[in-house]
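Everything numeric in this text was worked out from a predicted model, so none of it was measured.
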2 protein chains.
Amino acid sequence: MAKQAERRAATSEAILTAARRLFGTQGFAATTMDEIAEAARIAKGAVYHHFKTKEAVFEAVFDQVSRDLVVEIDGAARAEKDVLAAMVAGTQHYFAATAKGPTGQIILRDGPAVLGWERWREIDARHFGGKLPRALSAAMDAGLIARQPVEPLARLLLGAVTEAAVACAGRADIARAGAEYARAFKSLIEALRARA
Amino acid sequence: MAKQAERRAATSEAILTAARRLFGTQGFAATTMDEIAEAARIAKGAVYHHFKTKEAVFEAVFDQVSRDLVVEIDGAARAEKDVLAAMVAGTQHYFAATAKGPTGQIILRDGPAVLGWERWREIDARHFGGKLPRALSAAMDAGLIARQPVEPLARLLLGAVTEAAVACAGRADIARAGAEYARAFKSLIEALRARA
DNA sequence: GTATTTACCGACTAACAGTCGGTTTATCCT
DNA sequence: AGGATAAACCGACTGTTAGTCGGTAAATAC
């Protein structure tokens, strides 16, 4: 590989690593660009050479965290057989992962605020969010739930899940809370199950 | 009334009015305290005499907008007879009110971001959010839906509604989108209806 | 081996939240 | 009344931080 590209990639990664840690622990607003530069062992000017603004750094971090999260969730969902059961399992995992610490801070708290709702939704749809519509479609095809417009229902459910995740994040007894919400979500899904 | 109190109230209101307009149109981050002071026709120091921080100003505005919103929604919900139907109607109204412009900006975008999730939840529960658990409880008492833990279910539904409202806000054809989501929400509620 | 493009540096600027000593206006007390 | 106290208001000032800019070092192109 060309030396220049290596150098660029290494610096970029150093910035991202530093920023991810700082954003995750302190939050977006409380983290300064000087801090990031210092943690990445470069000058501030270099950071701006790689990212146009502080928000751009956050977006890159956000994207990375999202990707990691999706991989984790996919693993949990694949184990289930029924599409609806997979949805429930994936959701439960989503709770667990986002509820605590850095991931939750980046994805649930700062994410929408920093990126703006539009952009957040867009990125989220590319990762986690896109899975729900697909699962619902499959469930309808399989006759598990009544046929109806997919997109609106998917968005409602995504909102429900996100809200629950955030609610979990703010509680001391995460495990108990997560289980509670998972049960409620399951009951919602089960209610949708077409009546025989 | 004592003159001092009048003066205080008048200035406070001037600040709130100015801030509400500016926050609503430009958003929290893009609005400066100097702007607010200028629009309220007072010096910046006076604003800080009434509110400790910029966030405090926002919180007061948020509270005011929330109160107005609840009144509006209550009117729409009261017309319905069935508790579930009232929930659907109230929700539909919530979409319409928050979807466009200032209200949505303050309640849905900046609200959680500025106040932080904990505080947002707290205030929201005092206003709109508190209605959902009560409605669900009533629905269970009336045997309209199966008895189950109220709080988690309420939170899921609140999340769903909020998400839908935000989704509506970002679309050109608000009316159509709102109707779409209202239909999806109704189908969700109807699914919960206890099977006879 | 010279020219050009790319990565990096760090002092500087602009903008903004919040402060503080001072001034004006109302209220209290005798 | 009128002097003392307190509350409302003023606006210049400070500290912090995102973003800039002219310049240097390292790599690549010719």
Would you say [N] has OP1 or OP2 under 4.0 Å from some side-chain N or O of [X]?
{"X": "A/T11", "N": "C/dC8", "answer": "yes"}
{"X": "A/H49", "N": "C/dA7", "answer": "yes"}
{"X": "B/H50", "N": "D/dA7", "answer": "no"}

Nearest to the side chain of [X] - [options]?
{"X": "A/I42", "options": "C/dT6, C/dC9, C/dC16", "result": "C/dC9"}
{"X": "A/Q4", "options": "C/dA17, D/dT28, D/dA18", "result": "D/dT28"}
{"X": "A/A43", "options": "C/dG10, C/dG18, D/dA8", "result": "C/dG10"}
{"X": "B/Y48", "options": "C/dG18, C/dA26, D/dG19", "result": "C/dG18"}

Point to revise | Closest-nucleotide ordering on DNA chain C, the 5'-leading residue of B/D34 and B/G45 | key: B/D34
Distance check needed: [N] [atom2] versus [X] [atom1], whole Å only.
{"X": "A/Q26", "N": "D/dT17", "atom1": "CD", "atom2": "P", "answer": "11 Å"}
{"X": "B/R7", "N": "D/dC10", "atom1": "CZ", "atom2": "C1'", "answer": "11 Å"}
{"X": "A/M33", "N": "C/dG10", "atom1": "CE", "atom2": "C1'", "answer": "15 Å"}
{"X": "B/F58", "N": "C/dA17", "atom1": "CZ", "atom2": "P", "answer": "14 Å"}
{"X": "A/F51", "N": "D/dA18", "atom1": "CZ", "atom2": "P", "answer": "15 Å"}

**Study point:** Residue from A/K131, A/R134, A/R67 passing salt bridge (Lys or Arg N to Asp or Glu O under 4.0 Å) with A/D74
**Key:** A/K131
**Study point:** 5′-ward residue of the pair B/R8/B/K44 relative to DNA chain D
**Key:** B/R8
Practice item. May I ask you to verify whether the side chain of A/K54 and the base of D/dG19 hold a donor-acceptor pair under 3.5 Å? Key: no
Practice item. Ignoring hydrogens and angles, answer whether the base of D/dA26 and the side-chain atoms of A/K3 contain a donor-acceptor pair closer than 3.5 Å. Key: no
Exercise for review: Write down the atom of B/Q105, the atom of B/G27, and the distance for their closest heavy-atom approach.
Suggested key: NE2-CA, 3.6 Å
Practice item. Answer yes or no: is there a donor N or O on one side and an acceptor on the other, between the side chain of A/T11 and the main chain of A/R7, under 3.5 Å? Key: yes
Review point. Got a sec, which pairs hit salt bridge (Lys or Arg N to Asp or Glu O under 4.0 Å) with one end in residues 80-99 of chain A, sequence neighbours left out?
Key: A/D82-A/R193
Study note, to complete from the structure: side-chain hydrogen bond (donor to acceptor under 3.5 Å, both in side chains) with A/E59: of A/Q64, A/K54, A/R119, only one passes, and it is A/R119
Exercise for review: Using a 4.0 Å heavy-atom cut-off across all strands, classify B/S12 as base, sugar-phosphate, or nothing.
Suggested key: nothing
